[in-house]
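Quick caveat: nothing in here was measured; it's all calculated off a predicted structure. Labels below follow one simple rule: chain letters A, B, ... track the order of the sequence lines, proteins then strands, and each chain is numbered from 1.
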Protein chains: 2
Amino acid sequence: MIRIKKEIFDRMEELSPSERKVARALLADYPSSGLGSTGQLARAAGTSAPTVLRLVARLGLGSYAEFQKHLRDEIMHDLNAPVRRAESEAPREDRTDVGRSLAERRDLLDRLGSTVSGSEIERAARLLASEPKAVLISGGYYSRFLAEILARQLDQITPNIDFLPDPLGYNVGKFYGAKRNTVVVLFDLRRYQLEAAQVAALAKREGASLIVITDEEISPIADKADVVLAVPVGGIPFDSFAPLMVLVEVLVEAVLRAAGQKGIDRMKLWEDRSYLERTPHPQPDEAASPSQEAS
Amino acid sequence: MIRIKKEIFDRMEELSPSERKVARALLADYPSSGLGSTGQLARAAGTSAPTVLRLVARLGLGSYAEFQKHLRDEIMHDLNAPVRRAESEAPREDRTDVGRSLAERRDLLDRLGSTVSGSEIERAARLLASEPKAVLISGGYYSRFLAEILARQLDQITPNIDFLPDPLGYNVGKFYGAKRNTVVVLFDLRRYQLEAAQVAALAKREGASLIVITDEEISPIADKADVVLAVPVGGIPFDSFAPLMVLVEVLVEAVLRAAGQKGIDRMKLWEDRSYLERTPHPQPDEAASPSQEAS
DNA sequence: GATGGTTCGAATCGTTCATAACAAAAAACC
DNA sequence: GGTTTTTTGTTATGAACGATTCGAACCATC
């Protein structure tokens, strides 16, 4: 039995950019978005119907009808899985409030595995580990914290990392400095900020590569992005940052792998320095750019 | 949410003979047979397309498209049900590097449920929701970010929240200000900083309640704490903040519940203000203390 | 065996569909 | 820098679609 989802995951690499957009749209609302017409899926992905068909063809399916047939088989199979039967018909064990909050976030994390494909993370990691002239990282009101954590951790692996607290304000010069060979990482979550769109436009205009980290219903700026990493955020009653946090960490580890020995060397350097600096007076606070120790 | 399957079961009686044939065909190969065209379903049922449409109309749906929409919602709901653990869905065994990083964090989260008890979180939440004169929140080099996220979110629920970037420096006055009825939240993770011990000692000397958030092998300052929330951090090859992030979110939700209507009112106030402030100029950046919108 | 009320499918209409062919645009290559 | 190759949206077309209409078939009751 062909598993469409797995197939898409595995072959994400060999897809063309527009085909990837379709793949992302499909995974973001899987499998529902694949059950409509080619036009609907194309619209959701921001491309055209023929592109959808080209994706289908690349998966080895001869027609859209065949694609949908496989999809439906997959649904039938998953829905009738014996495990599911037992659990879905038995009433969910009632839990405490805390237990429920916790379980909900664990579920989000499970879903993270299927909304963002490993190869996309790898692609982002390769971009970041290629020692670009500059890596600019920025985020929104809350996501800026995640952005900053990413910046600090990346800084330990590879040079030229910059966290921009105010990308359109006093930080704007960074974009004009290094033209090519710049990578911009942008966090843009629900309640998408117009600012993010401006930053994205600016980045692309200057020829930078753009990595966008967004939630499932995918930020409007995702079109412009070279890599889109979509995470589930839940939203009942609040959005959760847990999957985002995990994505950041997974990405960092992937970058470390991609950077190889260079990254390890830099990290060691880091540790030495940190010990030297820590003993005198513990942590005199610091500005935007990352510096010393851990915890 | 309308459950097509249940609806059909319940109303089987009031259907006409041909409609019943359609219903049977649908249930026999559910939900797959409903995802095709009216003609296909009609053929499977041995009737005609109009009969299918009449059945749909009798279920109270205005069109076949609407019928399929409900079907797909149902599929989405069932497929994303929080059961999907032991099941085939995701690339389980393919053990890529990314997959492994991810799985490891999910395991950490599973462990979180057993390292920190719900009642401890509730106790911390009650403390924080009791409207103390001051709530002082601080953290280490990395954990400060989590501390700040906690501060911002708590600030939306209950007043008098303060994030202290430098608790022993220029922020130290906060500890001397309000004597009793102060709650101090301290993040202290592996490579425990001596600073944290000093802050803890100071806090207790001034009679404040102390909540310590630490990792499993428990910070030396935990002795002094009124509530200790211990999270697993993993540490292979790096510590993960994901469980910490989750703990923060779960704690915030618990505080919201404990604060009751007051908390909700304050949150609403917040939203209103945020909309007022957001429209003029989008986020001119800000200092440490929490202010307006989201994302 | 006529009557009124359902039930049902053939025929039909306008729309949307999947798909192939094509051309513009972008990327990659030498 | 120019040329191939790839990518991608537009257009065209015939088939299939959902939905409606309408008359035939059926069933009960008198």
(request) Give the first and the last nucleotide of DNA chain D, reading 5' to 3', that has any atom under 4.0 Å from a heavy atom of chain A. (result) dT7(D) to dT10(D)
(request) Scan for ring-ring contact (aromatic ring centres under 6.0 Å, His included) pairs involving residues 41-69 of chain A, sequence neighbours excluded, and state none if there are none. (result) Tyr64(A)-Phe67(A)
(message) Between C1' on dC17(C) and CD on Gln68(A), what's the gap in Å once rounded to a whole number?
(response) 11 Å
(request) Give a yes or no on whether Lys204(A) atom NZ has more than 12 heavy-atom contacts from other residues, nucleotides or ligands under 6.0 Å away. (result) yes
(request) State whether Asp10(A) and Lys6(A) are salt-bridged, where the test is any N-O pair (Lys NZ or Arg NE/NH1/NH2 against Asp/Glu carboxylate O) under 4.0 Å. (result) yes
(message) In whole Å, I'd like the distance from the CG atom of Leu35(B) to the C1' atom of dC17(C).
(response) 17 Å
(request) Could you list all the salt bridge (charged side-chain N to carboxylate O under 4.0 Å, His left out) pairs where at least one residue sits in residues 22-46 of chain B, not counting sequence neighbours? (result) none
(message) Counting only side-chain nitrogens and oxygens, does Thr51(B) get under 4.0 Å of the OP1 or OP2 atom of dG9(C)?
(response) yes
(message) What I want to find out is whether Lys5(A) reaches Glu74(A) closely enough, with some N-O distance under 4.0 Å, to be called a salt bridge.
(response) no
(message) Using a 4.0 Å heavy-atom cut-off, does Ser48(A) contact any base of the nucleic acid, only the sugar-phosphate backbone, or nothing at all?
(response) base
Below 3.5 Å is the cut-off: list the nitrogen or oxygen pairs between protein and nucleotides 19-23 of chain C, distance only.
unit_1, atom_1, unit_2, atom_2, d
dT19(C), OP1, Tyr64(A), N, 3.4
dT19(C), OP2, Tyr64(A), N, 3.0

(message) Does anything in residues 52-65 of chain A form a salt bridge (charged side-chain N to carboxylate O under 4.0 Å, His left out)? List the pairs, not counting sequence neighbours.
(response) Glu19(A)-Arg58(A)
(message) With a 4.0 Å cut-off on N to O distance, would you call Asp226(A) and Arg123(A) a salt bridge?
(response) no
(request) Please list, chain by chain and in numerical order, all residues satisfying side chain to side chain contact (heavy atoms under 4.5 Å, CB included) with Ala254(A), sequence neighbours excluded. (result) Ile121(A), Glu122(A), Ala125(A), Arg257(A)
